[in-house]
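Here is how names work: the chains are called A, B, and so on, in the same order as the sequence lines, proteins then strands, and each is numbered from 1.
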Amino acid sequence: MHISEGVLSAPVLITGAVMTTICVIIGLKKTNEKSIPLVAILSSAFFVASLIHVPIGPSSTHLILNGICGLLLGWAAFPAILVALFFQAIIFQFGGLTTLGVNTYIMAFPSILCYYLFIFFVKSEKKWVWVTAAFFCGALSILMSGILVALALISTGEIFTQASKMVIIIHLPIMIIEGIITGFCIAFIKKVKPEILEVLYATRKDH
Amino acid sequence: MRHEKIIKVICLLSAFIMVDIIFNVSPAFAHKVNIFAYVEGAKIMTESYFNDGAPCKDSIIQVFDQEGKEILKGQTDIKGIFSFDIASLPQKDMDLTIVLTASLGHKAKYTLKATEFDAMIPQKDSSDYNTTKTIDVKKADDNIRHADVKASTPLETEQVQKVIEESVENAVEKSTKSLKRAFVQMEKRVRFSDIIGGIGYIFGIMGLILFFKRRNK
């Protein structure tokens, strides 16, 4: 879902860059030192996830992992995803450098939004509550990313109603896969270190 | 005790990354489109495909000249192929930039050098040869027979040479087509070393940030 260079118009690119800059600064301020290794690991996971390919019908897409990034990092998901996308652009030529702002916003904004939507339920003790919450967090993040891609393309001026429908349909399988992955990750974290979810680990001030 | 748990979480996530990598050691294709073009006979063929080999159907192809002006526009068929005649180009001695625009904002570019399709122009010249040959043979009719043979032989050999050259060009073009495609695919492949490099950079940045934060304390 990385948008390539030369597809979007300048206003869309600038908007994306500005919004991403604001959110990355917020993310950097809120991250505390001890959680930086966790941010780096999730950034690497995000970096590699795009290489896991899922061919669907006429098009093909890849894993994104922005659901789990949001749950574990909160606002720190913005710098994490920005760094990962930057290296993907440089090393693999996925997406582009001018589109870095827009692509980061597309992937990271759903992370923080789903964090706020689902973290309360994910913290719950009851198994079925947090399993469902984790699943929907993963799935909804992908859906919202897809919607943002469609919005970016439509704002550029292309008649993309057909593609918007396609975006959602193409990403349905990924939504399910990501939901399951998020579920498993949360399950493991609950067993090993549930404190990460209690108060957002990445932004705790007291360590 | 807290540190043990942190290490466990980090190990899980690292294991996840490793599993990703293991599954992707062989040509790890992912999220890009590719296009490449070659000459076949009197046409230029373009092939568009996703990195995993699936063809790019119904995608827009634009052909630009050296100054960036659009010369041609078309759509790929169900196999991802779009072709156009060399004769439909306004000029034959320039580099072409062929751009593919696929769905969901994917774009790819391929530059076809003028030298690659210059070789196909002689087809026009060989028909010129035919007319001059008949005129010369008619003139030779007036002379002695063996002189006829001598007069027409150099022309015939040259014609035969031209035909041989063209056949060889065609044969070479055909056999290098699959080589070119494989080469382009290999060039754009995602390599394992690239993945490790990228992850290394991420951890490098992490280290730098931590270093500077420590210093400021």
Does atom CZ of B:F64 have more than 12 heavy-atom neighbours from other groups under 6.0 Å away?
-> yes
State, to 0.1 Å, how close A:A84 and B:I202 come at their nearest heavy-atom pair, and which atoms those are.
-> CA-CD1, 4.4 Å
For atom CD1 of B:I78, decide whether the heavy atoms of other residues, nucleotides or ligands shown that lie under 6.0 angstrom number more than 12.
-> no
Measure distances from A:Q88 to the heavy atoms of chain B and classify the residue's part below 4.5 Å as side chain, backbone, both or neither.
-> neither
Where A:A40 and B:M206 come nearest, the two heavy atoms and their spacing | CB-SD, 3.3 Å
Here the gap from A:I41 atom CD1 to B:F203 atom CZ, rounded to the nearest 0.5 Å, amounts to 4.5 Å
What pair of heavy atoms forms the shortest contact from A:S44 to B:I199, and how long is it?
-> OG-CG2, 3.8 Å
Mind listing the closest non-hydrogen atom pair of B:K213 and A:I36 along with its distance?
-> CD-CD1, 4.4 Å
Hey, is CZ on A:F136 packed in by over 12 heavy atoms from elsewhere, all under 6.0 Å?
-> no
Do A:F86 and B:I205 come within less than 4.5 Å of each other through their side chains, counting heavy atoms only?
-> no
Closest non-hydrogen atom pair, A:F92 against B:D194 = CE2-CB, 3.3 Å
